[in-house]
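Just the heavy atoms: all of them, side chains too, but no hydrogens, waters or symmetry mates, feed the values below. Order of the sequence lines fixes the chain letters, A, B, ..., with proteins taken first and strands second; residue numbering starts at 1 for each chain.
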Amino acid sequence: MPELSLAEKLEILADGAKYDVSCASSGSSRRNKGGIGNAAQCGICHSWTADGRCVSLLKILLTNACIYDCAYCVNRRSNDTRRVLLTPAEVAELTIGFYRRNAIEGLFLSTGVVKDPDHTMELLIEATSILREEHRFNGYIHVKVVPGADLLLVDRLGRLADRVSVNMELPSRESLQLLAPDKSREAIVAPMKRVGELIVQTKEERKVSRKIPPFAPAGQSTQLIIGASGESDLQIVSLAAGLYGRLSMKRVYYSAFIPVNTDTRLPSVVGTPPLVREHRLYQADWLMRYYGFAAGELLDEEHPNLDLSLDPKAGWALRNLHLFPVEVNRAPLELLLRVPGIGVRSAQRIVGARRGGHLSLDDLALLGVVMKRARYFVTARGRFGADMTPDAAGLQARLTERTTPRPRWSQPSLFDGANAIDIRSTITGEL
Amino acid sequence: MILRYDGTFAGFLTAVALARERSAEPEAITDREPEQQGLFAAVEEVETDRDRAGELYQLIRRTLPAGAVQTLRYAFHAGEPGREILLFRYLQLGLTTGPRFGAMLAHEAVIPVWKLARAVGREAHRYKGLVRFRQLEGDVWYAAMEPDHRILPLIAPHFAARFADQRWIIHDRRRNEAVAFDPARREWADIPLEVTGPLPLSAGEELFRDLWQRYFDRLSIAERHNPKLQRQNLPLKHRRHLPEFERE
Ligand code: SF4
């Protein structure tokens, strides 16, 4: 077999990594101390792919060879594909080459499991330390932790990387056993816990001495596949809430299941990844992290799944109409945040601007409020700007998003038309 | 009164100081040639006076809240002609209002300036990702761009911190201006620059261009194909100097 060129290896290994959805490079502010690179506190996108996603990191696998056989994965052992491996030095060379051209914010390194989890972790650590030590690279590095690896290796990796993540992939123990029989829940949760502890502990230590190297300063994240198994949105959202609360998780990513293998254990979907559901989950997640919503306010046993045609904040407002309309000149920030059409920034702007004088309905639009939605839920100086009093049925019809759901999610027209706000939110989950 | 200044921030502040002394609002403050001959007579050339500009700037910093000063600086870099008079009104209001100025976001003299600043800020942030270097012979890293606003001075510090060991040039080809960074002295300088012929690329440049293009093509997921969304996020005008969109 002829040796593959670097370009060919890159293609194969980028292919294997692209389904991983986390792309954020934000949240770490690494300073450049005489070498190359730094990490910007807020994320920087460098390009956008033909599917509209932002490119900010070199997202690549160290190898697509794997000893495991997870049902949903392209790289699983039983697939008959060409296996390639980059050396740690090659990973570093590619990263630096792209970085110097300002094509990327940094590296996102994932991998199949070669030989065993520990050996694989050692290769990841080597690639990362070549970058940090030989190239004196201070840019952003996100590395996947291999479930089942020795926790001491997890410690070492976390001191070199900005972010580490252990992918949970499946939202319950049962699904995990069915679809990823080689990986146990414990092998996934143990490193997560360890990372969570070390993040908290290192932060404390660094308050005393700055000499202690940071541990995963951009935090840890994980990813859940949506729609490959039968869990409800309530189960998924509660799981996410628990991860944020107990494991100091920074982000949970949701990835609509895309079938790449034929496997009887997987649902038979015909080319229609549940993108709208994924989008609603990001919105719900965003509401929990930035708007002060608890999981139980968004979903309960009676309504275990998010309404696909309505964003979850509007859904909550419709169930709580007795709280509305709110007077924007008096309402506390927490309540403003719960008004459909008012985002975090516009809520803060309202609070700032009303110190200078009473706001009118016209002022709100200038402050970035989406009046199309908000007008049913606010008054300004006592004035109500909608042509109807809020009642659930009528509002439901008005707030339902025309563009969703569509029979085929892959149509480019999914995000067209009046929904300019939602187009952005598809990327970030921002409401 | 039409005041013509040299295009620098200090020049602009000198013009503002002059107008304030005469307690008059100029019809225009501009760094361009007046378009109509007839107007020419009314144009007064302002000679940049660093001391005067500095004095006014100190007054601004003492009187206006920090956010408002930042807004002023960003809006000054906007590409829109006529921005100066908006800035003048904004400053007049700010200097009479003082610290309360920060809460006057909805005021008619504030909104247009705030919008300009936001547009400039967005473009500057966006170009932190879209400035794309090529390695030239002699280990110089060159990037071309054509932004709507004059963002070079706003993004230079970012690249100076990030590529501190690289000799680089970022070139605004619309305005024939550039910043050049010298890693030995860790300083950058504004230089006029015009490129006429093809640039001499380094030996490894083609390889990395090819690697990047291949990588980029592999990244997108066919099932999620959505060129409309791609165009929304990355309008065509921003693609001009990105290798992933430059193909034969
Ligand atoms: S362990 Fe990871 S790479 Fe290996 S088959 Fe499972 S998901 Fe794929």
A:Arg100 and B:Gln166, any side-chain heavy atoms less than 4.5 Å apart:
yes
Who among A:Gly356, A:Gly352, A:Ser5, A:Gly97 has the most heavy-atom pairs with chain B under 4.5 Å?
A:Gly97
Checking A:Leu366 against chain B: side chain, backbone, both or neither under 4.5 Å from a heavy atom?
both
Applying a heavy-atom distance below 4.5 Å, give me the residues of residues 211-218 of chain B that approach chain A, sorted by number.
B:Leu211, B:Trp212, B:Arg214, B:Tyr215, B:Phe216, B:Arg218
Assess whether side chain to side chain contact (heavy atoms under 4.5 Å, CB included) is satisfied between A:Trp48 and B:Leu229, documenting all intermediate values.
CA-CA 9 Å; A:Trp48 280 265; B:Leu229 181 59; over 6 Å; no
B:Arg61, CZ atom: more than 12 neighbouring heavy atoms under 6.0 Å
no
For chain A, find its close neighbours in residues 84-114 of chain B: heavy-atom separation under 4.5 Å, sorted by number, or none.
B:Ala103, B:Leu105, B:Ala106, B:Ile111, B:Trp114
Closest-packed option against chain A by number of heavy-atom pairs under 4.5 Å, given B:Arg231, B:Arg132, B:Lys115, B:Arg239
B:Arg132
So, do A:His46 and B:Leu130 sit near enough that their side-chain heavy atoms are less than 4.5 Å apart?
no
Tell me, do A:Arg101 and B:Trp141 make a side-chain contact under 4.5 Å, heavy atoms counted?
yes
With a 4.5 angstrom heavy-atom cut-off, which part of A:Leu359 approaches chain B: side chain, backbone, both or neither?
neither
Measuring from atom CG of B:Leu219 to atom CG of A:Asp15, what distance do you get when rounded to the nearest 0.5 angstrom?
9.0 Å
Most contacts with chain B, counted as non-hydrogen pairs under 4.5 angstrom, among A:Leu6, A:Ile60, A:Leu58
A:Leu58
Keeping the roles fixed (side chain from A:Asn102, backbone from B:Lys128), state whether a donor-acceptor pair exists under 3.5 Å.
yes
Does B:Glu194, at its CD atom, have more than 12 non-hydrogen atoms belonging to other residues, nucleotides or ligands within less than 6.0 Å?
no
Without hydrogens or angle criteria, can the side chains of A:Asn38 and B:Arg162 be said to hold a donor-acceptor pair below 3.5 Å?
yes
Distance from A:Cys45 atom SG to B:Leu234 atom CG, nearest 0.5 Å?
10.0 Å
Measuring from atom NE2 of B:His238 to atom OG of A:Ser47, what distance do you get when rounded to the nearest 0.5 angstrom?
12.0 Å
Report which part of A:Leu94 has an atom under 4.5 Å of a heavy atom belonging to chain B: side chain, backbone, both, or neither.
both
